[in-house]
*Asks:* 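Sharing a structure, written as structure tokens. Questions coming.
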Amino acid sequence: MRPLIAVLTAVLTMSVASPLASGQERALALDVTNEVASASEVGKRVQDALQAAAETDLWRLKLSKAVLAVETGMVQEKNFEVKFIIFTISHKTKKGMTQTSTLTFTVPVQEGTAYAKGGPKPLADLKEPLARAIATAATMAASINVLPLSEATIKIEFAVSREAGGKIGFTIVSVEGGAGIDFTKTSKNSLELTFTGPAKR
């Protein structure tokens, strides 16, 4: 499977402040914690979800663009290296000042990939919440078919968690109890999907 192509398109809504917000100061003191995750780690897991969703064939639609927006804090470690962190749903204090970093992924059409393994993967086989939400978004876009689909844009909002063993997990806002998350403590992130179609295979 060819890799996703990522382009950093914008960094918005923050000028770096000093001193650090209380939640960011706490993050500095914790080497291993379930309260924060690195932005790069979350970005890789989102790419995994995009690739997993693509194995369902997305109703033969083309996922032409995926825009990931992550709400991050900035911390400076003892060696003066700056680190971008995302506050998980386990974060216990106010997150303070944050910034939004936006990355745009171009998702290549995987010619014949799903069929080489015996056909597209059923939606029910997707257990990871974000991958399932992406595939479900394609299902919704494809179902509105009175007129030919030119383009559909669907936004999925999510929070980050730490699962058993330290693995990154996602909670979809307003679907899996997301409405009960305290976003004064937790980063609110989003993935905006642009579908065109149908894709030529």
Side-chain angles (χ1 to χ4, degrees), residues 1-18 20-55 63 65-93 95-108 110 126-134 155-173 178 181 183 185-194:
M1 182 175 288
R2 287 182 292 172
L4 302 174
I5 302 170
V7 180
L8 181 63
T9 55
V11 178
L12 308 173
T13 64
M14 179 193 175
S15 57
V16 178
S18 182
L20 295 174
S22 60
Q24 297 170 16
E25 288 176 327
R26 287 187 76 245
L28 281 172
L30 299 173
D31 294 327
V32 179
T33 178
N34 64 351
E35 293 189 46
V36 298
S38 71
S40 60
E41 185 179 7
V42 171
K44 290 174 183 176
R45 289 283 289 142
V46 170
Q47 290 184 331
D48 290 343
L50 285 164
Q51 291 180 323
E55 292 182 6
L63 179 54
K65 185 171 65 173
V67 181
L68 172 64
V70 289
E71 184 186 9
T72 61
M74 289 178 63
V75 297
Q76 190 174 56
E77 298 182 324
K78 292 179 180 179
N79 61 358
F80 300 104
E81 180 181 352
V82 174
K83 185 176 182 180
F84 291 86
I85 56 170
I86 291 174
F87 300 104
T88 72
I89 59 176
S90 298
H91 191 242
K92 296 180 176 63
T93 60
K95 60 190 175 186
M97 184 173 288
T98 61
Q99 67 180 20
T100 299
S101 301
T102 305
L103 296 99
T104 300
F105 301 113
T106 300
V107 186
Q110 305 299 325
L126 291 178
K127 305 304 181 186
E128 197 284 312
L130 185 57
R132 188 176 179 86
I134 294 165
K155 186 176 184 179
I156 301 168
E157 295 184 325
F158 64 92
V160 175
S161 62
R162 286 277 186 191
E163 299 176 349
K167 185 178 180 181
I168 290 292
F170 299 119
T171 297
I172 309 302
V173 174
I181 297 172
F183 285 108
K185 301 176 181 177
T186 304
S187 296
K188 190 173 186 178
N189 315 287
S190 68
L191 184 65
E192 187 172 279
L193 309 167
T194 300

*Asks:* Does the structure place the NZ or CZ of K95 under 6.0 Å from the centre of the six-membered ring of F87, at an angle of no more than 45° from the ring's axis?
*Replies:*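 No.
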*Asks:* Heavy-atom distance under 4.5 Å between the side chains of T72 and I85, does that happen here?
*Replies:*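 No - every pair of side-chain heavy atoms lies 4.5 Å or more apart.
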*Asks:* Are F170 and V46 packed together at the side-chain level, in the sense that at least one heavy-atom pair is separated by less than 4.5 angstrom?
*Replies:*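 Sidechains of V46 and F170: in contact.
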*Asks:* First locate atom OG of S187, then atom CD1 of I181, and finally report the distance between them rounded to the nearest 0.5 Å.
*Replies:*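 S187 OG to I181 CD1: 11.0 Å, rounded to 0.5 Å.
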*Asks:* Quick one: closest heavy-atom pair of V160 and A37, and the distance?
*Replies:*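 That closest heavy-atom pairing would be CG1-CB, 4.3 Å.
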*Asks:* Locate the shortest heavy-atom distance separating A131 from L126; write the atom from each residue and the value.
*Replies:*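 Closest pair (atom of A131, atom of L126, distance): O-CD1, 3.7 Å.
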*Asks:* Return the OG to CD1 distance between S101 and I86, rounded to the nearest 0.5 Å.
*Replies:*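 Those atoms lie 8.5 Å apart.
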*Asks:* Check the pair V42 / N189 against side chain to side chain contact (heavy atoms under 4.5 Å, CB included), numbers first and verdict last.
*Replies:* CA-CA 10 Å; V42 171; N189 315 287; 5.9 Å; no
*Asks:* I'd like to check F105 versus K65 (side-chain heavy atoms, cut-off strictly below 4.5 Å). Are they in contact?
*Replies:*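 Answer no - side chains too far apart.
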*Asks:* Considering residues at least two apart in sequence or located in another chain, which fulfil the salt bridge (charged side-chain N to carboxylate O under 4.0 Å, His left out) criterion with R162?
*Replies:*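 Residues passing salt bridge (charged side-chain N to carboxylate O under 4.0 Å, His left out) with R162: E41.
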*Asks:* Return yes if some donor-acceptor pair links the side-chain N/O of T88 with the main-chain N/O of N34 below 3.5 Å, else return no.
*Replies:*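 Flag set: sc T88 to bb N34 pair under 3.5 Å.
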*Asks:* Does T104 use its side chain to pair, donor to acceptor, with the backbone of V67 at less than 3.5 Å?
*Replies:*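 Pair absent, no side-chain N/O of T104 close to backbone of V67.
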*Asks:* If I take atom CG from residue L63 and atom CD1 from residue I134, how far apart are they, to the nearest 0.5 angstrom?
*Replies:*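 Those atoms lie 7.5 Å apart.
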*Asks:* Checking side chain to side chain contact (heavy atoms under 4.5 Å, CB included) for the pair V173/I156: CA distance, chi angles, key distance, verdict?
*Replies:* CA-CA 8 Å; V173 174; I156 301 168; over 6 Å; no
*Asks:* Is there a side chain to side chain contact (heavy atoms under 4.5 Å, CB included) between E35 and K92 once you walk through the steps?
*Replies:* CA-CA 7 Å; E35 293 189 46; K92 296 180 176 63; 3.7 Å; yes
*Asks:* Would you say that E157 contacts K188 through its side chain, given a criterion of any heavy-atom pair below 4.5 Å between the two side chains?
*Replies:*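 Contact flag for E157/K188 side chains = yes.
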*Asks:* Output yes when a side-chain donor or acceptor of R45 lies under 3.5 Å from a complementary backbone atom of I168, and no otherwise.
*Replies:*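 Yes; at least one donor-acceptor contact below 3.5 Å.
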*Asks:* Just verifying a value: how many Å separate F158 CZ and T171 OG1, rounded to the nearest 0.5 Å?
*Replies:*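 That separation rounds to 10.5 Å.
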*Asks:* For T186, does its backbone N or O pair with a side-chain atom of H91 as donor and acceptor, under 3.5 Å?
*Replies:*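 Side chain of H91 to backbone of T186, a donor-acceptor pair under 3.5 Å: no, none is there.
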*Asks:* Do the non-hydrogen side-chain atoms of Q99 and M74 ever get within less than 4.5 Å of each other?
*Replies:*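 Touching, per the 4.5 Å side-chain cut-off.
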*Asks:* What do the steps show when you test E71 against F183 for side chain to side chain contact (heavy atoms under 4.5 Å, CB included), and what is the final call?
*Replies:* CA-CA 11 Å; E71 184 186 9; F183 285 108; 5.7 Å; no
*Asks:* For K44, check side-chain contact (heavy atoms from CB on, under 4.5 Å) against everything at least two apart and list the hits.
*Replies:*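 K44 satisfies side-chain contact (heavy atoms from CB on, under 4.5 Å) with no residue once adjacent residues are dropped.
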